[in-house]
Asks: 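Sharing a structure here in C-alpha cells format.
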Amino acid sequence: MDTNGTTEPGLKENRTSVNGTHCGFKVLVGTLVHSTREDPMVILTDKALGVLHSKIKFVAEADQLEELQTQYGFPDSAVTRLSNRQFVMPGLIDTHIHASQFPNNGLKMDLPLLEWLQKYTFPTEATFADVKFASHVYPRVVDRTLRNGTTTASYFATAHLEATKILANAVATRGQRALVGKVNMLHNCPPNYREDSVEQSIQETEQFITYVNNMKNPLVSAIVTPRFAPTCTDDQLTELGQLAAQHSTHIQTHMSETRPEVAWVKELFPHRTNYCDVYHQAGLLTRKTILAHCIWLSEEELELMSRMEVGVSHCPSSNLNLISGLCDVRKLLHHGIKVSLGTDCSGGNSASILDSLRRALHVSRCLTIHDSDQHPDPLTLREAFRLATLGGAQVVDMEDRIGNLEVGKEFDALVIDTQATGSPLDIFDKDKEPDLVEKFLYNGDDRNIVQVFVAGRCVVQNSE
Ligand SMILES: O=c1[nH]c(=O)c2nc[nH]c2[nH]1
C-alpha cells in the first residue's frame with residue numbers, strides 16, 4: 001500500500017507468523033501527535049499506526065485499515081481504536097536525573113548549589129554504599145519515572161560500583177531505555193563519599209561498562225559520568241575522556257549551573273580558557289555528551305559547544321529551586337546546539353518531564369519579562385513539547401531510533417487519555433484535538449498516561 005511514503009519497504013519479507021496468524025503486530029487507530037525537525041508539533045487525526053515487534057511499520061489513513069489488514073495480515077485483535085479523547089505521543093525523554101537523590105525529592109531546597117551538595121546531597125548519596133538501600137530505592141525510581149511517561153532516561157547513580165549495577169538491573173528488569181552512570185568524584189567532597197584514586201575511578205568505571213555490556217540489553221548502556229569539574233582532577237577527566245572514546249560510550253556531566261561554581265572552576269583550572277574548555281581539553285565533548293544546566297556561558301563556550309555537537313539538558317525546575325539562574329534556551333537553539341529537558345531530581349522536585357516542560361516555559365517567559373528586547377520570543381508550548389521528545393532523542397544521539405512516530409523508529413510512546421479515571425483535566429464538547437493536547441501538556445499528569453510503550457513493549461498499563 002502506498003501511504004504517502006510512510007510504509008517501510010520490505011515488510012512482507014519481515015513478517016513472522018505463529019500457527020498461521022501473524023503475531024507481534026499492534027495497530028493503534030486514532031490521533032497521533034509528534035515533532036519533526038521541521039515542525040515542533042504535528043497533529044495527525046484519523047490515522048492507523050502499525051507496530052511490528054519493536055518498530056513502527058506504517059502510518060496510514062484510518063480508512064485504509066481493511067487494505068492494510070489484507071496486506072500485512074494482522075488479526076482484528078491486533079487493532080485498538082482510541083476514543084476521540086485519546087491520542088498517541090512519543091515517550092518523554094529525561095536527559096538528566098539523579099536516581100540516587102530520590103530520597104530527597106521534594107525536600108531541602110533552602111541552599112544554593114555548592115552548599116546544597118555538601119549539606120544534603122553528598123550525605124544522601126553516600127548511603128548508597130549499602131546495596132540493600134540501593135535495592136530498595138532504585139526499583140522505585142524506575143517505576144516512578146516510567147509511570148510518568150519517561151521512556152528514556154539518562155541516570156546519575158552514585159560513586160559506588162555495586163549500587164550502580166543495581167540501578168542498571170532495575171532499568172533492565174522494567175524495560176526502560178536508559179543510560180546509567182557510575183559517578184566519578186575524587187575531591188572537594190566528603191572523605192566518606194569519594195573515590196580513592198584516579199586508578200580506582202577508571203578501573204571501576206570500566207568494570208561498570210563491561211558489566212552493562214555483558215547484560216546484552218539493547219535498551220541499557222553505561223554512560224561515563226564525571227560529576228563536574230570541581231570534584232574531578234585534570235588527569236581523571238582526561239582518562240575518563242579516553243575511556244569513553246575507547247568504549248564509544250556517552251558522557252554526562254554538569255556545567256555552568258551557578259556563578260559561584262563557574263568562578264570556582266576558574267580557580268581550580270587556571271590553565272584552561274573557560275569551564276567548557278576544561279572538558280574539551282579532556283576529550284569529554286562529543287556528539288554523545290550531555291551537559292546539564294549550561295546557564296552561565298560565554299560566546300566562546302557557545303561556539304565550542306556547537307562545534308563539538310554536544311547536547312544540553314535544560315533543568316528548569318532545579319534551576320529555579322536552587323536559584324541557580326535562568327537558562328536562555330532560545331540562545332542555545334540559535335547557536336545550533338541540541339537542547340532537551342531534564343528533571344534533575346532532587347534539585348528538581350518532580351520526576352515528571354511534563355513538569356520540566358512547564359517550568360521551561362516559565363523560565364523562558366521570565367527572561368522575556370526581565371528584558372523583552374533581549375528575549376523577544378519566548379519558547380512556545382509546541383517547542384517545549386519538542387524539547388521533551390525529539391530534542392531528547394537528539395541529545396542522547398538516538399534520533400535515528402526514537403523521539404517521534406516516524407516509520408522505522410522504535411515504538412517508544414504513550415497513550416494519553418484526557419478523560420481517564422481521576423483525570424485532572426476539564427474537557428468540554430468544544431475541545432478539538434489541539435485543545436486536548438494543550439490541556440494535557442499544561443495540566444495532565446500520570447493519571448492521563450494510560451499506556452507506556454518502550455521498543456514496542458507495553459511497560460505500563462493503566463487502562464481497565
Ligand atoms: O543540580 C546539581 N545536582 C548535582 O547533584 C550536582 N553535582 C554537581 N553539580 C550538580 N548540580
Side-chain angles (χ1 to χ4, degrees), residues 6 8 32-42 44 49 51 54-56 59 88-97 145-146 148-155 171 175-181 217-221 223 248-252 286-292 294 305-306 308-315 329 332-333 336-344 352-354 356-357 360 379 381-414 416 441 449 452-457 459:
T6 56
E8 191 168 84
L32 314 177
V33 185
H34 72 162
S35 301
T36 63
R37 281 202 162 200
E38 295 72 36
D39 192 339
M41 186 184 285
V42 182
L44 303 162
L49 179 149
V51 179
S54 65
K55 288 188 180 169
I56 301 172
V59 176
V88 181
M89 61 172 274
L92 298 165
I93 299 180
D94 186 344
T95 55
H96 186 74
I97 177 164
T145 56
L146 273 176
N148 277 289
T150 298
T151 49
T152 299
S154 191
Y155 287 112
V171 161
Q176 193 173 45
R177 192 184 298 276
L179 301 166
V180 180
N217 181 324
L219 301 179
V220 186
S221 307
I223 177 166
S248 302
T249 68
H250 287 73
I251 296 164
Q252 63 183 350
T286 76
R287 56 178 296 135
K288 287 162 91 171
T289 300
I290 307 168
L291 298 175
C294 299
M305 289 164 69
S306 173
M308 298 311 292
E309 299 182 76
V310 298
V312 170
S313 180
H314 172 40
C315 304
V329 169
L332 295 169
L333 294 172
I337 295 167
K338 299 174 287 184
V339 185
S340 59
L341 296 178
T343 54
D344 193 24
S352 167
I353 280 290
L354 288 173
S356 304
L357 178 156
L379 288 180
L381 177 69
R382 293 154 52 83
E383 288 177 304
F385 173 73
R386 179 157 61 189
L387 297 183
T389 55
L390 190 60
Q394 290 167 345
V395 166
V396 295
D397 198 33
M398 296 184 195
E399 194 186 359
D400 57 335
R401 258 173 290 162
I402 56 171
N404 64 13
L405 303 176
E406 282 171 357
V407 170
K409 291 217 180 171
E410 307 235 337
F411 188 60
D412 285 14
L414 315 179
I416 306 301
L441 292 177
I449 303 174
V452 179
F453 291 91
V454 179
R457 181 175 157 222
V459 293

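Numbers here simply count residues along the sequence, with the first being 1. Side chains included, hydrogens not; waters and symmetry mates left out as well; all remaining heavy atoms used.
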Asks: Donor-acceptor pair, His250 side chain versus Ile290 backbone, under 3.5 Å?
Replies: no
Asks: Does any non-hydrogen side-chain atom of Val459 lie less than 4.5 Å from one of Gln176?
Replies: no
Asks: State the CG-CD1 distance between Leu92 and Ile353, to the nearest 0.5 angstrom.
Replies: 7.0 Å
Asks: Whether the side chain of His96 engages the backbone of Ala292 through a donor-acceptor N/O pair (distance < 3.5 Å, no angle test) should be reported.
Replies: no
Asks: Can we say Asp397 and Lys288 salt-bridge, meaning some charged N sits less than 4.0 Å from an Asp/Glu carboxylate O?
Replies: no
Asks: Answer yes if the side chains of Thr145 and Thr150 hold a donor-acceptor pair under 3.5 Å, and no otherwise.
Replies: no
Asks: Let me confirm one number: the CD1-CG distance from Ile56 to Leu405, rounded to the nearest 0.5 Å.
Replies: 5.0 Å
Asks: Using a 4.5 Å cut-off on heavy atoms from C-beta on, say whether the side chain of Phe385 contacts that of Val33.
Replies: yes
Asks: Is the shortest side-chain heavy-atom distance between Val395 and Val339 below 4.5 Å?
Replies: no
Asks: Given the rule in the salt bridge (Lys or Arg N to Asp or Glu O under 4.0 Å) test, do Lys338 and Glu399 qualify, once you have shown the distances and angles that lead to the verdict?
Replies: CA-CA 11 Å; Lys338 299 174 287 184; Glu399 194 186 359; over 6 Å; no
Asks: Side chain of Arg457, backbone of Ser54: donor and acceptor closer than 3.5 Å?
Replies: no
Asks: Do Ser340 and Ile93 have side-chain heavy atoms sitting under 4.5 Å apart?
Replies: no
Asks: Indicate yes or no: at least one non-hydrogen side-chain atom of Thr95 is less than 4.5 angstrom from one of Gln252.
Replies: no
